[in-house]
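Comments concern the structure below.
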Protein chains: 2
Amino acid sequence: MAQRVVVPEPERRRRRPTKQGVVLSEQLIVETAIRLVGQQGAAALSVRRLGLALGADPSAVYRYFRGTDDLLLALADEMVRRALDGWASSGQWRTDLRDLGMRMHAAYLSHPQVALLAAHRTTGRVHETRAVEAIIGVLRAAGFPDTDLARIHGSFADLGLAFAALDAAALALPPAAAEADRTAWRDTYPRLDAQTHPNIAATAHLLTRETSRSAFPFALDLFLDALVARLSLQQGPPTTSVPTG
Amino acid sequence: MAQRVVVPEPERRRRRPTKQGVVLSEQLIVETAIRLVGQQGAAALSVRRLGLALGADPSAVYRYFRGTDDLLLALADEMVRRALDGWASSGQWRTDLRDLGMRMHAAYLSHPQVALLAAHRTTGRVHETRAVEAIIGVLRAAGFPDTDLARIHGSFADLGLAFAALDAAALALPPAAAEADRTAWRDTYPRLDAQTHPNIAATAHLLTRETSRSAFPFALDLFLDALVARLSLQQGPPTTSVPTG
DNA sequence: CGAATATGTCAACACCATTGACACGAGAAG
DNA sequence: CTTCTCGTGTCAATGGTGTTGACATATTCG
């Protein structure tokens with residue numbers, strides 16, 4: 001690190017403007033980084049370009065984040081913040097969980113390049129903690145036993161993040177790669193030898209890459225069905241195997 | 001590119017040994033890259049280090065791959081090759097699909113760093129095509145209508161790759177990050193204010209990050225259940241909504 | 001007002017991917 | 001066997017990257 005200490009945002013007192021007159025903040029840096037990645041692709045996220053976009057010396061970023069990885073986690077946490085923004089419990093646990101899942105998915109998909117970079121990371125930051133609190137709260141109110149909370153929460157979060165990353169990957173492809181992807185299905189598959197690839201050859205005219213619809217809502221409902229079934233067993237026998245997907 | 005033309009592997013005639021006496025090949029480069037990533041982490045995969053590990057000048061890699069992205073796709077395709085290695089249809093479509101899914105998942109998880117880098121990419125290479133052929137073949141033999149093949153195949157592949165990437169992410173974390181992850185659940189959650197995070201505070205002693213078991217087998221079975229249900233509807237009414245997750 | 005120091009800046013380091021020019025030797029042609 | 005071709009490995013150079021230590025200065029506190 002250029003400097004060992006990164007002052008946490010709430011304790012910052014002195015705000016000294018940049019040579020170009022910009023007053024930096026964690027929030028401003030995060031927002032600028034998200035904009036940068038959205039406009040120019042994930043490859044454009046470098047400390048130097050970020051400095052340029054901010055109107056500050058690149059190394060100033062290190063006064064706010066310990067390194068690029070720290071910044072990345074902050075971007076992920078901002079996605080979570082936006083997902084939770086305005087959410088409130090409806091009182092129906094299944095509705096709540098579905099809503100939380102869809103919000104998380106949507107927040108990441110609105111910035112696919114960020115999702116691709118950060119969706120698989122545990123941020124350990126405030127908004128992630130808020131999300132955990134919300135999910136645990138819904139599960140407890142629904143009547144799930146405390147001993148199952150960690151596992152159910154883990155499965156739920158995994159499902160959402162896995163699909164967020166997956167669907168983001170399709171959206172975030174640079175135009176050239178997306179074109180190459182489509183070309184593979186449209187051009188090369190129909191030309192494959194019927195000897196070596198009989199099934200593709202026989203149905204090539206019907207095979208087009210299906211990218212329009214996300215499988216997430218369907219998968220989420222399957223998961224929630226499993227939770228409902230588990231909860232209704234709750235009163236009867238003690239603990240059987242826990243649904244984890 | 002250093003040189004516009006990359007000669008495809010099967011057409012290579014001249015194999016000229018390196019100064020250090022190594023005879024290069026696409027396969028050798030891919031295997032060395034996988035080993036490098038497995039031993040030193042994803043960050044160690046640079047053309048320079050790869051050259052060093054190979055015993056060749058770094059720029060020699062560009063005689064075999066157009067760039068780092070091309071190499072990455074080759075790594076992904078190698079994972080698919082290993083997954084398919086030795087697979088044969090059992091004649092039972094559900095068994096076949098489950099087996100293919102589990103193999104793909106296992107192949108990626110055996111090299112989590114590679115999975116993290118490449119699982120979300122469409123490679124367009126030979127082994128991926130073989131996998132598509134196998135899956136389409138199983139679905140056709142099962143009796144799914146040709147018009148549904150693209151969508152069902154897409155959902156199946158998505159599910160497997162999404163969980164491969166997710167589970168790989170947990171395995172691929174550098175030890176420091178993994179420790180930080182565990183610390184968050186063990187140390188900071190129990191200290192949260194009961195006012196702001198009542199649900200976490202009340203159950204903190206039971207909350208530990210659940211990383212031991214993958215949710216994939218469960219999710220895969222849910223998906224296959226949905227396919228079974230869809231197939232049994234096949235004979236009756238025409239087409240309803242298609243399960244996509 | 002004066003001092004302390006947080007924060008922005010600068011220059012430097014080691015690394016990275018990629019490229020064009022070049023040399024050499026393997027394989028084809030005779 | 002000899003000769004020629006050109007595929008392939010090497011070298012040097014370019015412009016990028018994250019990160020750091022030293023430094024300057026203006027903001028806040030006493």
Side-chain angles (χ1 to χ4, degrees), chain A residues 1-29 32-33 36-37 40-74 117 174, chain B residues 1-29 32-33 36-37 40-74 117 174:
Chain A
M1 299 301 113
Q3 39 277 326
R4 356 234 125 188
V5 190
V6 171
V7 177
E9 185 73 7
E11 297 168 23
R12 283 189 183 266
R13 296 273 121 99
R14 304 191 188 175
R15 314 222 79 126
R16 176 181 181 172
T18 285
K19 253 191 176 175
Q20 300 180 40
V22 184
V23 175
L24 298 179
S25 70
E26 206 176 289
Q27 188 66 21
L28 178 65
I29 296 175
T32 305
L36 198 61
V37 169
Q40 319 209 30
L45 184 57
S46 77
V47 179
R48 290 172 137 84
R49 287 197 223 227
L50 184 52
L52 201 69
L54 280 166
D57 187 273
S59 64
V61 171
Y62 290 87
R63 298 279 179 208
Y64 293 82
F65 300 96
R66 289 211 288 262
T68 45
D69 197 66
D70 198 23
L71 173 60
L72 203 60
L73 295 183
L117 290 172
Chain B
M1 298 302 112
Q3 38 276 326
R4 353 238 125 183
V5 191
V6 171
V7 178
E9 185 73 8
E11 297 168 23
R12 283 190 183 267
R13 294 273 119 97
R14 306 191 185 175
R15 315 221 79 127
R16 177 181 180 173
T18 283
K19 253 191 175 175
Q20 300 180 38
V22 184
V23 176
L24 298 179
S25 69
E26 205 176 290
Q27 187 67 20
L28 177 65
I29 296 175
T32 305
L36 197 60
V37 169
Q40 318 207 32
L45 185 57
S46 76
V47 179
R48 288 170 135 83
R49 287 196 224 227
L50 184 52
L52 201 68
L54 280 166
D57 187 273
S59 63
V61 172
Y62 291 88
R63 298 280 179 207
Y64 294 83
F65 300 97
R66 289 210 288 261
T68 44
D69 197 67
D70 197 23
L71 173 60
L72 203 60
L73 296 182
L117 291 171

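Hydrogens, waters and symmetry mates are skipped; everything else that's a heavy atom, side chains included, is used. Labels below follow one simple rule: chain letters A, B, ... track the order of the sequence lines, proteins then strands, and each chain is numbered from 1.
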Checklist entry - Considering only heavy atoms and no angle criterion, is a donor-acceptor pair shorter than 3.5 Å present between the side chain of Ser46(B) and the base of dC15(C)? => result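 It does not, because no donor-acceptor pair links the side chain of Ser46(B) to the base of dC15(C) below 3.5 Å.
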
Next on the checklist: Quiz question: going by heavy-atom distance under 3.5 Å, is there a donor-acceptor pair between the base of dG16(D) and the side chain of Arg48(A)?
Outcome noted: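 Such a pair does not exist between side chain and base.
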
Measure from the side chain of [X], starting at C-beta and using heavy atoms only, and say which of [options] lies closest.
X        : options                  : result
Val47(A) : dG18(D), dT9(C), dT10(D) : dG18(D)
Tyr64(B) : dT8(D), dG18(D), dG8(C)  : dT8(D)
Thr68(B) : dT18(C), dT9(C), dG18(D) : dT18(C)
Arg63(A) : dT7(C), dG18(D), dC16(C) : dT7(C)

Item to check | side chain to side chain donor-acceptor pair (under 3.5 Å) partners for Gln27(A), two or more places apart | outcome: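 Result, side chain to side chain donor-acceptor pair (under 3.5 Å) vs Gln27(A): Glu31(A).
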
Checklist entry - Residues in salt bridge (charged side-chain N to carboxylate O under 4.0 Å, His left out) with Arg12(A), at least two apart? => result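 Salt bridge (charged side-chain N to carboxylate O under 4.0 Å, His left out) check on Arg12(A) returns Glu9(A).
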
How many whole angstroms separate atom [atom1] of [X] from atom [atom2] of [N]?
X        : N       : atom1 : atom2 : result
Leu24(A) : dA6(C)  : CG    : P     : 17 Å
Asp70(A) : dT19(D) : CG    : P     : 10 Å
Gln20(A) : dA26(D) : CD    : P     : 16 Å
Leu50(B) : dT18(C) : CG    : P     : 12 Å
Leu54(A) : dT7(C)  : CG    : C1'   : 14 Å
Leu45(A) : dC16(C) : CG    : C1'   : 16 Å
Asp57(A) : dT7(C)  : CG    : C1'   : 11 Å
Leu52(A) : dT17(D) : CG    : C1'   : 15 Å

Next on the checklist: On DNA chain D, compare the nucleotides closest to Asp69(A) and Pro58(B); which residue's is nearer the 5' end?
Outcome noted: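 Result: Pro58(B).
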
Next on the checklist: So, taking the atom named CG in Leu24(A) and the one named OH in Tyr64(A), what distance separates them when rounded to the nearest 0.5 Å?
Outcome noted: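 Answer rounded to 0.5 Å: 4.5 Å.
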
Next on the checklist: dC16(C), OP1 or OP2 - any side-chain N/O from Arg49(B) closer than 4.0 Å?
Outcome noted: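 So the side-chain polar atoms of Arg49(B) do come within 4.0 Å of the phosphate oxygens OP1 or OP2 of dC16(C), strictly under.
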
Checklist entry - For dC11(D), does either OP1 or OP2 sit under 4.0 Å from a side-chain N or O belonging to Lys19(B)? => result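 Answer yes for this pair, as a side-chain N or O of Lys19(B) is under 4.0 Å from OP1 or OP2.
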
Item to check | Among Val47(A), Leu50(A), Leu73(A), Leu45(A), side-chain contact (heavy atoms from CB on, under 4.5 Å) partner for Thr68(A) | outcome: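 Among Val47(A), Leu50(A), Leu73(A), Leu45(A), the one that satisfies the side-chain contact (heavy atoms from CB on, under 4.5 Å) with Thr68(A) is Val47(A).
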
Item to check | Any side-chain heavy-atom pair of Leu54(A) and Val61(A) under 4.5 Å | outcome: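 Result yes, sub-4.5 Å side-chain heavy-atom pair found.
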
Would you tabulate the nitrogen or oxygen pairs shorter than 3.5 Å linking the protein to nucleotides 27-30 of chain D?
| residue | atom | partner | partner atom | Å |
| --- | --- | --- | --- | --- |
| dT27(D) | O2 | Arg14(A) | NE | 3.3 |
| dT27(D) | O2 | Arg14(A) | NH1 | 3.2 |
| dT28(D) | OP1 | Arg13(A) | O | 3.3 |

Checklist entry - How close do Gly55(B) and Val22(B) get, heavy atom to heavy atom, and via which atoms? => result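 Closest approach of Gly55(B) to Val22(B): O-CG2, 4.0 Å.
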
Item to check | Nearest heavy-atom neighbours spanning Leu117(B) and Ala42(B) | outcome: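 Minimum heavy-atom separation between Leu117(B) and Ala42(B): CD1-CB, 4.1 Å.
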
